[in-house]
Amino acid sequence: MNLIKHSLAVLGMIAAPAFAAGQVSISIDAGKPGPVINKNVYGQFAEHLGTGVYQGMYVGSKSNIPNTKGWRNDVVGALKELHVPLVRWPGGCFADTYHWRDGIGPQDKRPSNVNGGNVDEINAVGTHEFFDLIDMLGAEAYVNGNVGTGTVQEMSDWVEYLTADGGSPLARLRAQNGREKPFKVALFGIGNEAWGCGGNIKPEYYASLYRNYENFLRAPDQSRPKMIASGGSGFDTSWTDVLSKELKGHTVGISVHQYTIPGGSWEVKGEALGFKEDEWISALANTLKMDQLVKDHVAVLDKNDPEKKIGLMVDEWGTWYDEKGAKSALHQQNSLRDALVAALNFNIFHEHAERVTMTSIAQMVNVLQAMILTDKEKMVLTPTYYAFQMYVPFQDAKTLPLTIKDNTSYTLGAVTIPGVSASAARARDGKLYLALVNTDPSRAVDVAVNVAGTKVKGAAGKVLTSAAMDAHNTFQNPQAIKPSAFSARAAGGKLPIKVPAKAVMVVALEE
Ligand code: AHR
């Protein structure tokens with residue numbers, strides 16, 4: 001900017017540039033609580049893939065890395081801070097080659113390398129070990145069964161082993177293996193990606209298979225898991241359509257998988273770090289498509305299931321980058337951009353809380369958009385971890401109507417996306433929380449918050465931002481990016497909040 005222009009700008013005499021941060025107005029109605037955000041929207045996914053389970057989380061009880069029943073104390077401790085509500089296990093595509101009997105009984109007698117997954121599967125983590133993790137986290141279990149290479153008998157036996165009490169032979173086998181009481185399985189998935197790795201079949205055929213499997217998944221009424229049907233991918237609603245017609249009364253949810261791929265294709269997915277601004281905006285624009293995707297699937301559900309008995313379970317979502325030089329399968333770094341991807345998705349899921357009753361990010365540790373990265377005994381928390389931590393109050397909170405007026409827009413080349421994304425809810429602790437995302441990597445934005453139905457004095461919470469778009473934590477510098485404290489005071493009935501460029505913010509409003 002030359003000197004004259006600079007002086008005029010200082011005097012406020014230059015018209016605001018097209019994408020300057022104006023004042024964005026956010027109105028929240030605290031008097032009209034809407035649907036509850038099911039805590040399981042913050043679910044996680046732990047697949048036997050790369051170092052996602054072995055090394056990343058499970059090191060075995062004889063390891064020098066401090067552990068409890070083989071699970072790393074550092075990792076479990078960090079995950080507990082996220083109040084992880086639900087864990088999906090053992091896959092993904094792995095689930096459709098997994099035979100549960102390989103993972104029970106004495107660990108040293110279990111077979112190795114039998115499943116054709118992406119790791120040499122040693123089966124040290126099986127049913128009992130998974131439930132040790134679930135107990136330590138205080139989470140619910142979402143077990144995914146094998147349709148691809150399994151049988152109805154095998155799946156039926158697994159559900160009996162998991163849930164039967166007393167007299168059944170499989171309950172006795174479970175007791176012999178150290179667990180008298182049935183396990184509590186909240187959700188049970190019948191297959192995974194049946195259109196691809198899980199069978200390469202058509203939705204009509206899968207629907208018939210599902211009915212057949214589900215018919216034999218017998219368990220005492222009080223401990224019968226709720227069944228999830230494996231649905232389609234992305235914007236293809238044909239699976240949701242067929243399954244919501246065919247499986248009424250037999251499923252509580254149909255899954256859909258949608259990943260954020262900044263490069264725009266599976267061949268060129270883009271880099272996790274060192275990307276330019278075009279891949280910043282494309283990642284966020286790609287993520288924001290989740291809103292339309294959910295709307296499309298929900299429109300089909302509304303047509304076929306007006307009673308709203310079937311949820312839309314986005315049980316795989318998150319960033320997926322090129323794997324060049326990855327330390328292990330699907331291992332990728334995680335930056336500030338990933339935290340924005342997570343927060344934008346959360347705000348979208350909240351918006352559709354009535355139908356989106358469970359999601360699980362892919363994945364928990366060392367795989368894709370992970371919370372945590374490990375290297376031998378070292379552990380680092382990612383920006384995505386912090387996004388999940390900041391959003392904890394939204395678990396089981398009641399959504400509040402929120403409107404954004406005069407939103408900024410952020411443009412690069414031919415791509416324009418909204419500058420601000422926001423969500424508000426009344427949490428179980430009684431407080432009113434507001435989440436804000438500023439997608440613009442260069443400009444802060446001034447937001448004026450107005451809340452009807454209550455008087456707001458101020459706000460206090462956390463903001464996650466950094467100078468670099470790809471700010472990330474490493475084992476050498478594990479605290480390079482972490483949230484910092486933020487507060488604001490209300491004046492004249494409005495609460496002014498300045499959201500820094502490229503930031504995720506969650507504040508509790510003081511009433
Ligand atoms: O999350 C990684 C893989 O992506 C899962 O195994 C599969 O379901 C999906 O294609």
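Along the sequence shown, the residues carry numbers beginning at 1. Note that ligands are numbered from 1 as they come in the structure, with each ligand's atoms numbered from 1 the same way. The basis for the numbers below is simple: all heavy atoms, side chains too, and nothing from hydrogens, waters or symmetry mates. Please read these numbers as outputs of a predicted model, since none were measured by experiment.
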Using a 4.0 Å cutoff against the non-hydrogen atoms of L368, which atoms of ligand 1 qualify? 1 (O), 2 (C)

Is there a donor in the side chain of N215 and an acceptor in the side chain of H250, or the other way round, less than 3.5 Å apart? no

Any N or O of C93 that comes nearer than 3.5 Å to an N or O of ligand 1? yes

Give a yes or no on whether the backbone of Q395 and the side-chain of R428 come within a donor-acceptor separation of less than 3.5 Å. no

Give me the nearest non-hydrogen protein atom to atom 1 (O) of ligand 1 as residue plus atom name, then the distance to 0.1 Å. Y259 OH, 2.8 Å

Between W195 and S233, a side-chain donor and acceptor under 3.5 Å: no

Heavy-atom pairs closer than 4.0 Å: do any link ligand 1 to the side chain of F94, the backbone, both, or neither? neither

Under 3.5 Å, is there a donor-acceptor pair between the N40 and T357 side chains? no

Under 3.5 Å, N or O to N or O, is W320 touching ligand 1 that way? no

Output the list of atoms in ligand 1 that are nearer than 4.0 Å to some heavy atom of N192, sorted by atom number. 8 (O)

Does the ring center of Y42 lie less than 6.0 Å from the ring center of F346? yes

Top protein contact for atom 10 (O) of ligand 1, by heavy-atom distance: E193 OE1, 2.8 Å

Could you list the atoms of ligand 1 found under 4.0 angstrom from a heavy atom of F45? 1 (O)

Between D132 and Y58, is any side-chain donor less than 3.5 angstrom from a side-chain acceptor? no

Location of contacts on V367 toward ligand 1, heavy atoms closer than 4.0 Å: neither

When rounded to the nearest 0.5 angstrom, what is the spacing between CG in D135 and OG1 in T68? 12.5 Å

Are side-chain N/O atoms of Q153 and D157 paired as donor and acceptor at under 3.5 Å? yes

Atoms of ligand 1 less than 4.0 Å from Q363 heavy atoms? 1 (O), 2 (C)

E316 versus ligand 1: do any nitrogen or oxygen atoms come within less than 3.5 Å of each other? yes

